[in-house]
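Everything below concerns the one structure shown next.
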Amino acid sequence: TPDGLVIIADLPPHSQVEAMAALGATLGRELEVGSARLGRGPFRIAVFAADGGTLFVCGCRAGFLILIGDRNVDVTTLKVALGRALGRLR
């Protein structure tokens, strides 16, 4: 949700679900505010990549959809799949 409340999570055991939810909500909110400030429509998908992995933050009606992937993940393929998932969430 926009305030970082986890609705559902599918992560490996011992993952810090609440910390990831808080990070995703913070990034998502900053993306929403920045997009509005620039006069653009709502953001759909943002990708953050680092040596440790890839983080996808997607805006949706319930708040934000967050996906964590390996650093070598196929970003293009996942963006297409996430776009379809967001369409279903509407």
Side-chain angles (χ1 to χ4, degrees):
T1 63
D3 59 359
L5 176 66
V6 177
I7 295 173
I8 187 167
D10 185 8
L11 294 170
H14 309 295
S15 295
Q16 296 182 357
V17 175
E18 291 81 12
M20 288 306 303
L23 174 64
T26 300
L27 290 171
R29 185 66 186 135
E30 288 298 316
L31 289 163
E32 284 179 337
V33 170
S35 181
R37 194 175 322 142
L38 293 172
R40 300 188 179 205
F43 90 97
R44 286 191 37 94
I45 300 173
V47 180
F48 301 89
D51 288 340
T54 307
L55 177 69
F56 297 82
V57 179
C58 309
C60 66
R61 286 174 48 150
F64 306 105
L65 174 64
I66 313 244
L67 177 74
I68 303 166
D70 293 334
R71 78 179 166 140
N72 296 326
V73 70
D74 183 348
V75 173
T76 303
T77 300
L78 275 180
K79 283 177 73 175
V80 169
L82 284 169
R84 287 187 194 128
L86 290 172
R88 289 184 192 138
L89 288 173
R90 290 183 186 174

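A quick note: this is a predicted structure, and the numbers were derived from the prediction, not measured.
- Under the salt bridge (Lys or Arg N to Asp or Glu O under 4.0 Å) criterion, no residue pair touches residues 64-86, with sequence neighbours excluded.
- Partners of T76 under the side-chain hydrogen bond (donor to acceptor under 3.5 Å, both in side chains) rule, at least two apart in sequence or in another chain, do not exist in this structure.
- Within the structure, the side chain to side chain donor-acceptor pair (under 3.5 Å) test picks out the following pairs touching residues 18-38 (sequence neighbours left out): R29-E32.
- With sequence neighbours excluded, the residues forming a side chain to side chain contact (heavy atoms under 4.5 Å, CB included) with L78 are F56, L67, V73, listed by chain and number.
- Through direct or indirect side-chain contacts shorter than 4.5 Å among Ile, Leu, Val, Met, Phe, Trp and Tyr, L38 is connected to no other residue.
- Applying the 4.5 Å side-chain rule to ILVMFWY residues, one finds V6, L11, V17, M20, L23, L27, L31, F43, F48, L55, F64, I66, I68 in the same cluster as V57.
- Put simply, SG on C58 and CG on L86 are 5.0 Å apart, with the number rounded to the nearest 0.5 Å.
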